Amino acid sequence: MKSGFDAKNIYKFWEDNGYFGADIKSKKPTYSLLMPPPNLTGELHLGHAMQHSVLDAVARFKRFQGFNVLLLPGVDHAGIQFESTFDKKIAREKLSKQKLGREKWLEEAWKFKEEVYKSVSHTWRFLGISADWSREVFTLDEGPRKAVFFEFKTFWDRGLIYKGPYIVQWCPKDNTAIENAELEYEERKEKLYFLKYGPLTLATARPETKFGDTAMAVHPDDKRYKQYVGKEFEIETLAGKKKMKVVSDKAVDPEFGTGVIKVTPGHDFADYEIGKRHNLPIVQVIDKHGRLTDIAGKYAGMKVLEAREAMLGELEEKGILVKTEDYVHNVAVCERCKSVVEPLISEEWFVKVGEIAKEAVHEINSDKIKFLPKNYKKILVEWLDSIHDWCISRSLWWGHRIPVWYKDGEMKVSLDSPGKGWEQDEQVLDTWFSSGLWPMSTLGWPFANAQGEPSKGKGEFDPDLAKFFPWDFEITAPEIKYLWIARMIMLSKYFVDDIPFKTMFFHGMLRDLEGRKFSKSLGNGIDPQYLIDNWGVDATRMALYTYAIPGRDGRVSKASLDERGKNFRNFGTKLRNVARYVIDLKSESSKVKTINADDIWIEAELIKTIKKVTKNLESLELHLAVDEIYEFVWHQFADKYIEQSKGRRVEAQPTLEYVLKEVLILLHPFMPFLTEELYQKFEIKRKSIMIEDWPSTSK
RNA sequence: GGGCACUUAGCUCAGCUGGUUAGAGCGUCUCGUUUACACCGAGAAGGUCGGGGGUUCGAAUCCCUCAGUGCCCACCA
């Protein structure tokens, strides 16, 4: 290495020497790691820094062990999240979607994406991530675009995709349908209103949906109301009198409220089902902006909560509102923007995933995937067992546009425009529709062969897929286990008939001291760059590894991270001083090798440490590996052996050098920069510590 | 309502395929200006491993139970 030893130079030195690249022609055994693509909505956060550091440590370890390692990097376009971040940004510049128009908006969005990407990319290099940058993928790249089209086309041709008006969870703020898995529930203290409907009284939390009621329902076995079932009554509404039937349905809980419910098929999932069973009409009361429609008369245009407040007086006046009770229940909110979602009817695209999920369950139950922690196997199987059709359309602009074209009532599935006059579907595909293909689309699937034909699977025409798939290692946060992990397992099985990865590592969530997730809105985030600036990259990585335990959340604060950062910074200094003592200040080595009890002891301890660290790395318990090396270097090698060597320095020199060199290699996966710097001080050496061999214990 | 975790020193946490006096970092206290290092060294105090019960020669580690905390899923209007 020519110039100085700062991290930047070291990183460039590695990159220039091609140490990060995977070799498709290599005869060595393969070990592949897939980076979970971070969302391009801001800088990398601590969780990213942790998972990417883990990937890097494993990658470096496997290289030492002689594997042909592929660590493939990439980023995700993150549909809803990116779009709302970007819209907020342009709102500050007094711009909007309406003002810009789709084309211009997309143009600006891509510029913003590049901006954010730069910072992410910079942080990766700062962290020392040894990824194969020549293979980096963005989910909106041409490769994934074709993969997504292939996915859509295949589902379409096989009749698994359908479009139609269905009840969906609608986020009025993001203005798009979202999935159940994208919801959160918040406990709210609200009121339960008892309303008089003809001869019956019923309880509801949502009087504003009254305009959309098309029936009343009771439980079939409820003796109290048997006489009313099937009959029609005239009831008083705020928009005049209206005829309404009483139906019986087992979905009604006779214990709740009065045992009677109003059925609003347009704005409630359960009611929608009841409506289907009894052929009830659907009336839209709430529009896609969360406001009441014209049918609500003078309440039209009001937001849901406003309308609810506003209509209470009139309800009471007309004697419809009988009483109110305090009521605590869970309200569904959008996971991204936290606004209350409205179930409503919308024209959306769906995939029938039942059979695909079944196959995925078989795959998981065959234990070909090792889950860490292992209880995630059960968690995923349970979710897949009760899966419902996947709503894949989003009313957004940022994403893969639905590859369907219309002209004169005709419709065509095509990647690009079929010709003049064809209009493309306005909607884009759910982000996870493309992310679910990540394990394959990153390897060139499905058009990897020379003929440009879709591949049938891991065949001879897909050299990358054949070589690196399934991935040996994948890591992620537990929060996207259904959205992403389950989808990858389903889609891999369906399209290439295999598992996507052999080991699936779910790390814990880093939380603040109150146990809350880190989020921009809470402002409790800790920037990894802050830690790097204060304690250095290597120390930051070490601190993060102590939290990288499968399935265990970690509570951290700036202070607690500073504490660990400082500790490992000190450890780095310790190691630097050890190296100074051993190498810089070395006296002549003894020609005759004399071994005493101390030498035998330290070598035995070293062997023990190598064994433990190797085992811990194999089992992906990085926190234990870090602990072992720390203990050995500081308290055995430095405090004991080096202290005792001072009286017999010349004799001890070969052992000092031997142990130090082994230690540097053991530590390199975790502290790559410092170990490379110190390694370069040895006179007889390979060009880089990265091309050393993992210490052997057979000595 | 269902499921899954967690509860170990003042703080944040390791350890848990059962086995010598239960560990780390930080914090606290005592001592130390030795020629790698004060971003240091030597040493000390501090825990009935949430409560109770069981299995065992032996349990922080396995089983049952209770309590508290957290997370996930479902969701009743």
Side-chain angles (χ1 to χ4, degrees), chain A residues 180-181 183-185 187 190 192-195 202-207 209-210 213 216-217 219 249 251-264 267-271 274 327 329-332 343 373-376 378-380 382-383 385-386 478-479 481-482 506 508-509 511 513-517 535-536 539 542-543 546-547 549-557 559-586 619 621 623-624 626-628 630-631 634-635 637-640 642-643 645-646 649 656 660:
Chain A
N180 274 336
L183 293 180
E184 279 176 5
Y185 289 88
E187 198 173 271
E190 295 190 333
L192 192 59
Y193 305 90
F194 288 77
L195 306 181
L202 54 82
T204 180
R206 305 204 57 189
T209 60
K210 187 171 164 51
D213 297 344
M216 290 176 274
H219 193 272
D249 196 288
V252 181
D253 177 3
E255 304 291 318
F256 186 88
T258 60
V260 185
I261 64 164
K262 63 194 200 63
V263 186
T264 321
H267 298 283
D268 185 284
F269 278 81
D271 291 7
I274 295 175
Y327 184 52
H329 68 149
N330 288 328
V331 174
K374 54 181 184 303
N375 59 325
Y376 276 79
K378 208 177 119 195
I379 293 173
L380 287 171
E382 277 170 14
W383 186 76
D385 275 341
S386 58
E479 59 182 348
K481 54 187 177 291
Y482 306 129
F506 288 98
M509 298 288 291
R511 300 171 180 282
L513 292 181
E514 279 86 61
R516 299 176 304 179
K517 276 194 254 187
W535 311 112
M542 290 290 268
T546 65
Y547 290 103
I549 307 172
R552 290 245 177 147
D553 289 356
R555 296 200 171 189
V556 299
S557 63
S560 76
L561 283 165
D562 272 338
E563 183 188 301
R564 292 200 191 192
K566 182 175 154 193
N567 184 230
F568 287 113
R569 190 270 323 255
N570 293 353
F571 176 69
T573 308
K574 189 74 184 179
L575 187 67
R576 195 183 294 279
N577 279 306
V578 166
R580 196 163 90 88
Y581 174 81
V582 173
I583 303 168
D584 294 357
L585 306 177
K586 81 173 171 187
S619 61
E621 293 169 297
H623 63 297
L624 296 182
V626 161
D627 216 51
E628 290 296 339
Y630 182 97
E631 165 67 21
W634 201 315
H635 302 300
F637 190 41
D639 289 348
K640 298 208 175 77
I642 290 183
E643 283 311 314
S645 79
K646 285 175 182 170
R649 180 61 199 273
L656 285 168
L660 175 60

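Within every chain, numbering begins at 1; the chains are lettered A, B, ... in the order of the sequence lines, protein sequences first and strands thereafter. None of these values were measured; they are calculated from a predicted model.
- Nearest heavy atom pair, residue Arg555(A) against residue Ser560(A), reads O-OG, 4.3 Å.
- U8(B) sits 37 Å from C75(B) when the C1' atoms are compared, rounded to a whole Å.
- Regarding Phe568(A), its CZ atom lies at a distance of 13 Å from the C1' atom of U12(B), rounded to whole Å.
- Thr204(A) comes within 4.0 angstrom of sugar-phosphate atoms only, judged by non-hydrogen atoms across all strands, and of no base.
- Taking the P atom of each, G27(B) and C11(B) are spaced 16 Å apart, rounded to whole Å.
- The same atom, C1', is picked in A59(B) and in G68(B); the two are 23 Å apart, to the nearest Å.
- In terms of position on RNA chain B, the residue among Trp634(A) and Glu621(A) whose nearest nucleotide sits closer to the 5' end is Glu621(A).
- Nucleotide A5(B): paired with U69(B) (Watson-Crick or G-U wobble, both distances less than 3.5 Å).
- Distances were taken from every side-chain heavy atom of Asn567(A) (C-beta onward) to each of C37(B), C13(B), C26(B); the shortest belongs to C26(B).
- When the C1' atom is used for both G18(B) and A74(B), the distance is 38 Å, rounded to whole Å.
- Across all strands shown, U20(B) forms no Watson-Crick or G-U wobble pair with both key distances under 3.5 Å.
- As a whole-Å value, the separation of Asp562(A) CG from C26(B) P is 14 Å.
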Criterion side chain to side chain contact (heavy atoms under 4.5 Å, CB included) on Arg564(A) and Tyr547(A), from CA distance to verdict
CA-CA 11 Å; Arg564(A) 292 200 191 192; Tyr547(A) 290 103; 3.3 Å; yes

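- Asp639(A) comes within contact range of the sugar-phosphate backbone alone, with a heavy-atom separation under 4.0 Å but no base atom that close.
- At whole-Å resolution of the value, CG in Asn375(A) and C1' in C6(B) are 12 Å apart.
- For the C1' atoms, the distance from U48(B) to A60(B) is 12 Å, rounded to whole Å.
- Rounded to an integer number of Å, the gap from CZ of Arg552(A) to C1' of C71(B) is 14 Å.
- Counting any heavy atom pair closer than 4.0 Å across all strands shown, Ala638(A) reaches a base atom.
- Although no hydrogens or angles enter the test, the distance criterion places a donor-acceptor pair under 3.5 Å between the side chain of Asp553(A) and the main chain of Met509(A).
- His635(A) has its NE2 atom 7 Å from the P atom of G41(B), to the nearest Å.
- As rounded to the nearest Å, U61(B) and A45(B) have C1' atoms that lie 27 Å from one another.
- The distance from atom CD of Glu563(A) to atom P of G27(B) is 7 Å, rounded to the nearest whole Å.
- Base engagement by Ile642(A) is indicated by at least one non-hydrogen atom pair under 4.0 Å involving a base atom.
- Taking atom P in both G50(B) and U56(B), the straight-line distance is 23 Å, to the nearest Å.
- Between C26(B) and G19(B), the two P atoms lie 28 Å apart (nearest whole Å).
- Between C4(B), C71(B), A36(B), one nucleotide has an atom nearer to the side chain of Lys378(A) than all others, and that is C4(B).
- Checking C37(B), C76(B), C39(B) against every side-chain atom of Phe256(A), the shortest atom distance belongs to C76(B).
- Remark: the Asn567(A) side chain and the Trp535(A) side chain contain no N/O donor-acceptor pair separated by less than 3.5 Å.
- Rounded to whole Å, the distance from CZ on Phe637(A) to C1' on C37(B) is 14 Å.
- Shortest non-hydrogen contact noted between Val263(A) and Ala217(A) is CG2-CB, 3.7 Å.
- Side chain Lys566(A) to base C39(B): no donor-acceptor pair is found below 3.5 Å.
- In plain terms, the two heavy atoms of Ala205(A) and Tyr193(A) that are nearest each other are O-CE1, 4.0 Å.
- In the set C40(B), U69(B), G25(B), the nucleotide with an atom closest to the side chain of Arg555(A) is U69(B).
- In this structure, A60(B) forms no base pair with any nucleotide, since neither Watson-Crick nor G-U wobble geometry is met with both distances under 3.5 Å.
- Here U12(B) is the nucleotide among U12(B), C76(B), C37(B) with the atom lying nearest to any side-chain atom of Arg564(A).
- Thr546(A) and Tyr630(A) form no side-chain donor-acceptor contact under 3.5 Å, judged by distance and modelled atom types alone.
- Base pairing of U55(B) is not made with any nucleotide, judged by Watson-Crick or G-U wobble geometry with both donor-acceptor distances under 3.5 Å.
- Here Tyr482(A) lies in heavy-atom contact (under 4.0 Å) with sugar-phosphate atoms only.
- Of the residues Asp268(A), Asp271(A), Asp213(A), the one that meets the salt bridge (charged side-chain N to carboxylate O under 4.0 Å, His left out) test with Lys262(A) is Asp213(A).
- Closest to the Leu624(A) side chain, of the nucleotides C13(B), A14(B), A36(B), is A14(B).
- Scanning atom types as modelled, one donor and one acceptor separated by under 3.5 angstrom connect the side chain of Glu643(A) and the base of A36(B).
- At A36(B), one or more side-chain N or O atoms of Lys646(A) fall inside 4.0 Å of OP1 or OP2 (strictly under the cut-off).
- With a 3.5 Å ceiling on both atom-pair distances, the Watson-Crick or G-U wobble partner of G43(B) is C29(B).
- Residue Arg580(A) is classed as a sugar-phosphate contact, given heavy-atom separations below 4.0 Å to backbone atoms only.
- A straight line from CG of Asn577(A) to P of U35(B) spans 13 Å, rounded to a whole angstrom.
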